Amino acid sequence: MKTNKLLGFAVMGTTLLLAGCQTTRDYSFSEWQEQPVGKSRFNIPTISNIPVTKLEQNDRNNGQVQNEKWELGCGKGIVTSAYTFDVWFTQQTEQKLKDEEQFRQEFAKNNIEILKAFPVTSNDNGRAVGYYADANIGSISDCKVAKFGFRATRGQKIYDNDHGGIDAVVSVFYCGEPELNINKLIQGISLVNDRDAYAATVAALTTPQCPARKTSASTSSPSFEDSDWATARKGKYDRTFAITWGSGFSDGYLETKIDLKDYGGTMEFVGPNSANCKMQLSVRKYDSPAEGTWFANCDKGDFASGTFTLDRQRNLTGEGTDQDDKAVDFTLWLPETEACGAKKQKARP
């Protein structure tokens with residue numbers, strides 16, 4: 001389903017969120033961690049008319065900036081948020097969010113065509129700035145997008161110079177049926193006060209079973225240690241791989257910088273139009289063959305996503321489509337983990 005490629009592309013929303021926080025200069029991020037949907041800091045699961053099928057969280061500056069990422073409808077869309085619980089975003093950030101031309105340009109450079117844009121209005125949660133819009137994302141039409149900031153925390157924060165500035169920034173990307181009720185989401189978003197009670201409410205919601213999630217991708221899965229993915233070398237190293245991206249780009253020995261982890265990893269390479277591209281790999285099933293999803297974003301606007309498998313010989317094979325619905329295929333052989341090699345040597349007579 002071509003709308004599923006949105007999920008991979010929409011991670012750009014996470015990076016759009018994070019500029020302009022009035023925080024310390026330690027911009028270190030923790031790893032994204034999948035969490036039960038009931039652990040949401042914001043009430044997206046209960047105000048979205050599209051079911052939330054996955055939640056991920058990370059933080060920056062030792063928790064001063066808390067980030068969340070909600071998958072909608074098994075990949076039809078995504079909502080991302082950045083929340084500063086004891087500080088606020090700068091005036092410059094608010095001014096950028098108020099600028100409709102800036103809103104349009106920010107999405108245009110990522111191949112998102114904004115059609116009619118509407119200003120976000122303040123609600124019971126306090127002051128709000130930004131826009132939501134109908135949009136076309138590449139060849140995908142009938143989409144909804146938004147980027148806005150609002151005041152999530154009531155009352156004054158711990159600093160005397162708090163004038164009620166925005167402390168949360170949210171991005172929304174969605175394509176598909178049924179249509180996302182974006183007005184309800186924008187007007188109703190708020191912090192969850194009682195997490196335990198909210199988790200019970202979320203547990204009672206009807207959530208679809210996503211086809212790609214037959215097996216947990218958690219490294220605590222009992223099948224992980226004996227899985228095909230466990231045998232592939234983790235860490236940072238260089239490889240070459242073969243890739244075909246549409247009809248205009250093909251390379252049988254393309255250099256890539258790999259950073260492989262237990263749950264997936266990244267590949268960085270020079271792709272179509274000599275653009276710098278970064279591919280994210282996420283394992284969804286460790287059983288043989290290992291399976292997962294991938295998405296790639298390039299700094300000149302191209303993006304693509306799809307699925308991959310890893311067999312017992314550590315051949316990584318991926319297939320998918322780009323923003324124009326053109327085929328993208330790649331193959332890569334991964335070396336054996338050093339730990340596995342050591343075990344085999346030790347076992348020799």
Side-chain angles (χ1 to χ4, degrees), residues 1-15 32 75 78 109-112 137-140 173 211-212 217 227-286 288-337:
M1 186 175 185
K2 68 181 182 179
T3 54
N4 283 343
K5 74 182 69 172
L6 174 64
L7 180 61
F9 175 62
V11 292
M12 53 82 71
T14 307
T15 56
W32 284 102
I78 195 166
K109 66 186 179 184
N110 289 284
N111 203 32
I112 297 179
I137 300 181
S139 61
I140 309 171
F173 308 79
S227 70
D228 293 341
W229 190 261
T231 67
R233 183 181 299 173
K234 306 306 183 293
K236 297 181 180 181
Y237 50 91
D238 296 335
R239 301 294 293 171
T240 61
F241 74 116
I243 184 171
T244 299
W245 189 315
S247 58
F249 181 76
S250 182
D251 194 324
Y253 298 94
L254 184 63
E255 295 182 355
T256 178
K257 293 185 179 298
I258 291 178
D259 186 3
L260 214 62
K261 303 180 184 297
D262 287 345
Y263 56 82
T266 60
M267 296 169 55
E268 297 184 37
F269 55 92
V270 177
N273 303 311
S274 300
N276 294 315
C277 302
K278 186 171 185 178
M279 180 184 294
Q280 302 276 352
L281 303 170
S282 180
V283 182
R284 297 300 186 205
K285 183 175 81 71
Y286 287 114
S288 184
E291 297 177 1
T293 58
W294 62 268
F295 56 86
N297 287 334
C298 303
D299 61 7
K300 293 187 179 179
D302 291 299
F303 62 93
S305 67
T307 59
F308 70 82
T309 59
L310 182 77
D311 64 22
R312 292 192 182 280
Q313 288 72 45
R314 299 182 305 284
N315 294 305
L316 182 70
T317 304
E319 59 181 23
T321 54
D322 69 2
Q323 72 279 353
D324 297 319
D325 231 18
K326 294 181 179 178
V328 178
D329 302 285
F330 62 90
T331 58
L332 170 68
W333 182 79
L334 296 174
E336 187 176 30
T337 180

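Values in this document were obtained by computation on a predicted structure and should not be read as measured data.
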So which heavy atom on [X] is nearest to which on [Y], and how close?
| X | Y | result |
| --- | --- | --- |
| Asp322 | Ala304 | CA-CB, 3.6 Å |
| Lys326 | Gly246 | CB-CA, 4.0 Å |
| Ile258 | Leu332 | CD1-CD2, 3.9 Å |
| Trp294 | Glu319 | NE1-O, 3.3 Å |
| Arg233 | Leu260 | O-CD2, 3.2 Å |

[X] vs [Y] side-chain heavy atoms within contact, under 4.5 Å:
| X | Y | value |
| --- | --- | --- |
| Thr307 | Glu291 | no |
| Trp333 | Arg314 | yes |
| Lys234 | Asp262 | yes |
| Gln323 | Asp302 | yes |
| Pro335 | Arg239 | yes |

Examine distances only and state if a side-chain atom of [X] and a backbone atom of [Y] form a donor-acceptor pair shorter than 3.5 Å.
| X | Y | value |
| --- | --- | --- |
| Asn276 | Asp299 | no |
| Thr256 | Glu268 | yes |
| Gln280 | Phe295 | no |
| Asp311 | Gln313 | yes |

Say you draw a straight line from [atom1] of [X] to [atom2] of [Y]; how long is it, rounded to the nearest 0.5 Å?
| X | Y | atom1 | atom2 | result |
| --- | --- | --- | --- | --- |
| Asn315 | Leu334 | CG | CG | 8.5 Å |
| Lys261 | Ser282 | NZ | OG | 13.0 Å |
| Lys236 | Asp259 | NZ | CG | 5.0 Å |
| Ile78 | Phe173 | CD1 | CZ | 8.0 Å |
| Thr331 | Phe241 | OG1 | CZ | 9.0 Å |
| Cys277 | Ile243 | SG | CD1 | 7.5 Å |

Test ring pair (Phe, Tyr, Trp, His ring centres under 6.0 Å) applied to Phe249 - qualifying residues, sequence neighbours left out:
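With sequence neighbours excluded, Phe249 shows a ring pair (Phe, Tyr, Trp, His ring centres under 6.0 Å) to no residue whatsoever.
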
Below 30° counts as parallel, above 60° as perpendicular, anything between as tilted: where do the rings of Phe308 and Trp229 land?
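The rings of Phe308 and Trp229 sit tilted, inter-plane angle from 30° to 60°.
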
